[in-house]
Structures are given as structure tokens and as C-alpha cells.
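First the structure, in the form of C-alpha cells, and then the observations on it.
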Protein chains: 2
Amino acid sequence: MLSLTEENYLKAIYHLSDGGNRSVLTNELAEAMNTKAASVTDMVKKLSAKAVISHEKYYGVNVTSKGKSEALMVIRKHRLWETFLVQKLGFAWDEVHEVAEQLEHINSARLIEKLDEFLGYPKVDPHGDPIPDNKGKLKILPQIAIDQLNIGYQGKIAAVKDSDSNLLKYLDKIEARPGTKIKILGKEDYDGSMEILIADHRIFISKEVSQNILVIE
Amino acid sequence: MLSLTEENYLKAIYHLSDGGNRSVLTNELAEAMNTKAASVTDMVKKLSAKAVISHEKYYGVNVTSKGKSEALMVIRKHRLWETFLVQKLGFAWDEVHEVAEQLEHINSARLIEKLDEFLGYPKVDPHGDPIPDNKGKLKILPQIAIDQLNIGYQGKIAAVKDSDSNLLKYLDKIEARPGTKIKILGKEDYDGSMEILIADHRIFISKEVSQNILVIE
DNA sequence: GTAAAAATTTAGATTAGTCTAAAAAAATAT
DNA sequence: ATATTTTTTTAGACTAATCTAAATTTTTAC
Ligand SMILES: [Mn+2]
Ligand SMILES: [Mn+2]
Ligand SMILES: [Mn+2]
Ligand SMILES: [Mn+2]
């Protein structure tokens, strides 16, 4: 049984480690959690004692398989709640993250199963991020940001990075949402900006924006 | 801004004081909160400092008007969430309390307004308890338990006491739900047990049960 | 291959919420 | 009107989560 704070640390470790693929250093975790390195060291000891991470002193932490599935449960709850807020309560997709940060810690297996059912077993959240199943399995979709692609590419938006609320507002304005058709019309070598065809209108976007729009493959 | 624990204490004080009509003693609060009197004294100091209660040493606490409206906001959230769980997620009415105890502490004015709208602005929760409005006003319905009434009374169930999950299961089985028609057919002086007509079938109930079924007036 | 710099851990404090044991105040019983 | 009992408060201690400052370890730079 993890405390709310421990769940937040574990989730951050899971994300920073790319789902358990690399170790996470004390300072990056401190930065991500908005705490000090000393606090991280303390918490790392607690999480190690609970066997959700392993810690090699001075060399960072790794999530264990137990930790991975506990992290995925929190992420499952987060994404199901975000889906609920957008689809049922009419929240905009840039308004859901803060609330989901709270709701993800509500402890009731029955609640999450019922919520999942109520939402029709969604596969992805409003930002296109995959929702782990009730066994803690996450289907990782091979995604690539469009700044990596060239003129002529066409496909459908799979997901957008959901880190920043202002970015999400902008993406919504230009209709860059999961499921929307997108085609790369031009690409400026100098600054990486792009001209794209999106939902049947042409617009220019900066490289910064193009790094946040993901397509399949 | 109150912490989760402070909200729980304040809500308990509000309920124990019958909505602010009498003072609450340290020991009853300790009993209700499953803590020790010493812990209550500490918390009472914090809540006094935040001006949601007033405390006269050795003579108990009273909720201030600020405290009353903060308590009502927590109760509003609790009852809206209970309504959501029953009406939208298909929970039984005896399964919602624990989860609502957690959900009532989610902090988002927008969430509660949207939830209220989504539920169609319900006036009462699944147990018939009134839901405070978004201004913190509670419409107190004049209710009376049927053990106080006599043979021949007929009316509709307004609410049931929601304290015990097993009681709720039993009430559900005999169809004693808010809105159901009820008539008192007989009453035994010896033990206070009753024969009632409920949803068109006759049953016998003990005095203990009759004290938990409320009608208007 | 040392010395300086950077990262990490430890030491010692602080705050919220809790406890037990002891002291103080109020209620009650003779 | 005292003495006893009950209730409440205070004193001192504990855990979780945090901090600052100091010590330690690793990394980097010459
Ligand atoms: Mn998301
Ligand atoms: Mn309840
Ligand atoms: Mn609560
Ligand atoms: Mn209720």
C-alpha cells in the first residue's frame, strides 16, 4: 500500500525512466517532483523498502516489475478520469490534468472498473495516450513526432504531448487532435518550421509545435 | 484552506452538532473520529485558529458560520458523488459511502459544478439526504422516523438513515427506498415492532428498523 | 592522476497528525 | 462542602514528508 506521495514519486520515476527502460537520477527526480535532492533520497529509501524500485547508491533508481504495475495502475486511473472529465462532464482537454492528478489517488478497484465500463472501455485518453488495462498491461503504440518526418507524409494524428495547458489550447485551436488527418506540405530547413494540411486547411507551425504532434509509426 | 483531516473533523463536528445547533464535546468527537481525546484537543486548536469553530476550554466546540458553510461544501460533494456512483455507475446504495468519503476531498469548484449539471441538479442523494446548493445553503426537510407515528399513517418514504451498510442492504431488500409508499398497519406496544404496507406488500419490522425510515413532517 | 566541480547522501530540524501518560479542571456523590 | 470520578488539556514522543547545511562520493578538467 503506497501513500499518495509515494504514488506520485513512483509515477514520476516510471515516466522519467521511459516505462522502466533506464535509471533515474536523484536530481532529475527532484526537479520533476519540485523537491530537493535530500527529500528524494529519503523517499527513494521508502520506495526501495516497499520493493517498487531498486536503488544503487549514487547511481540512480530503477522500477521493479512490482513498481511498474503499481505505476501503471495510477496511470490507468489518471487517464480514465481524464476521459471521464472530457467525454462526460464536458471539460476541455487542457483543463483535466490537475483534477486527474487528484482523482488518480482514489482507492477503489470497483470504482475504476465501473468507470471503465461507463466510458465504454476506452483505449486512449483525450490526448491520445494509451490507457493501461485492468491487469496493468500497457499497449505501447509506436509513435513519432512529425518534426521527424518529411514533405509528403500523410496520416492521422495519434496523440499530442499533454505537458502544457497553453500548448493544448493552441493545438485545439488548430484542430490538431487525435484522429485528425494531417499532411506535411513544406518544411523549412533553417528553423524546422512546417506547413501542414490539417483537417483540410493549411497552416504554418513552428518546430516546437511539430515536436508535440505524434503520428503512428 | 483545510487539509483532508481538518475537513473530516469539521464535517464530524457539523453532524454531531446537528448542523450547528449545539456544542460538541471532546470525547464524542474522539469517538466519532476514532481517535483519542488528546488528538482531538490538538485538532480543535488548529480548527479554531482557522476560525471554522470556536472553542471554550473544557466546554466543547461550536461551528462558526464560516465553518458551517465549509462543512456544507464537503457534504455537498459527498452527496453529489454518492448520487453519481448510484445513478451513473450502478453502485448499490450501501456501497457508495466509503468511496464518497474519499471523493468529497477532491478540490475543484469546476468539477463539482459540472458534476451537478451532469446529474441534473439532484435535490437529494440516494439515501434521501438533501444536497446543499453551490452557495452552501441546505434545505432542511422536516422529517420524522416512522417509529414516532401511529397506525393508519400513510405517506411516502423521504429518506433512510445511511449509517450502516447492512441496514441499507436490508432496507433495499424490503424496498424501503425514498419515494416508496408506506402505510402503518399495526404497532406492538410491547417492543415497538410494526406491521407496514410497503410498495404493496405487508411486512413486519422491528423498532430498530422503524427508527431508520423517515417520512416528511 | 590529482584537484576542482557536481551530484548525492547524511545529519539535524520542522510541521501535521497521532499516541500515552500525567496534570488540571469540572462534574458527581456522599 | 469535600472527596472521588470523569472529562479535558498538556507534556513529551513518534512517523511521514519536507527542508538547509554539511559530509561524502563520483565526475570532469587539467
Ligand atoms: Mn492525458
Ligand atoms: Mn455517505
Ligand atoms: Mn472524508
Ligand atoms: Mn448519503
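To find a chain, count down the sequence lines: A is the first, B the second, and so on, and within it residues start at 1.
Between B/R76 and B/D116, at least one side-chain N (NZ, or NE/NH1/NH2) sits under 4.0 Å from a carboxylate O, which counts as a salt bridge. Salt-bridge annotation for A/E113 and A/K77: absent, with no side-chain N of the basic residue lying under 4.0 Å from a carboxylate O of the acidic one. Ionic pairing of B/R177 and B/D172 is present here: one or more N-O contacts between side-chain nitrogen and carboxylate oxygen are shorter than 4.0 angstrom.
Between the NZ atom of B/K45 and the C1' atom of C/dT15 there is a distance of 15 Å, given to the nearest Å. Whole-Å rounding puts the B/M1 CE to C/dT15 C1' distance at 18 Å.
In this structure, B/F118 and B/F84 have tilted ring planes: the angle between them lies in the 30° to 60° band.
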(Q) Please determine whether ring pair (Phe, Tyr, Trp, His ring centres under 6.0 Å) holds for the pair B/Y14 and B/Y9, giving the CA-CA distance in whole Å, both sets of side-chain angles, and the decisive distance to 0.1 Å. (A) CA-CA 9 Å; B/Y14 178 87; B/Y9 270 91; over 10 Å; no
Q) What's the verdict on side-chain contact (heavy atoms from CB on, under 4.5 Å) for A/M1 and A/K50, showing C-alpha distance, side-chain angles and the deciding distance? A) CA-CA 9 Å; A/M1 193 77 287; A/K50 295 192 176 183; 5.8 Å; no
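When each of D/dA16, D/dT8, C/dA16 is scored by its nearest atom to the side-chain atoms of B/K46, the top-ranked nucleotide is C/dA16.
Only A/A37, A/A38, A/T41, listed by number, bring a heavy atom of residues 30-44 of chain A to less than 4.0 angstrom from any atom of DNA chain C. Contacts of residues 6-15 of chain A with DNA chain C (heavy atom under 4.0 Å): none.
Between B/T5 and C/dA16 there is no side-chain polar atom (N or O) within less than 4.0 angstrom of OP1 or OP2. Contact check, A/N27 against C/dT8: a side-chain N or O comes under 4.0 Å of OP1 or OP2. Within the structure, every side-chain polar atom (N or O) of B/H55 is placed at least 4.0 Å from both OP1 and OP2 of D/dT8.
Side-chain contact annotation: B/H105 with B/N8, donor-acceptor N/O pair under 3.5 Å present.
The neighbour count for B/E188 CD, taken as heavy atoms of other residues, nucleotides or ligands under 6.0 Å away, is above 12. The number of heavy atoms from other shown groups lying within 6.0 Å of CG (A/L4) is above 12. The 12-atom threshold is exceeded at CD1 of B/I151, counting heavy atoms of other residues, nucleotides or ligands nearer than 6.0 Å.
Considering B/E70, B/E6, B/E101 as possible partners of B/K11, the one that fulfils the side-chain contact (heavy atoms from CB on, under 4.5 Å) test is B/E101.
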Q | Sequence-aligned protein contact record of nucleotides 22-28 of chain D, with B where the base is within under 4.0 Å of a protein heavy atom and S where only the sugar-phosphate is | A | --BSSS-
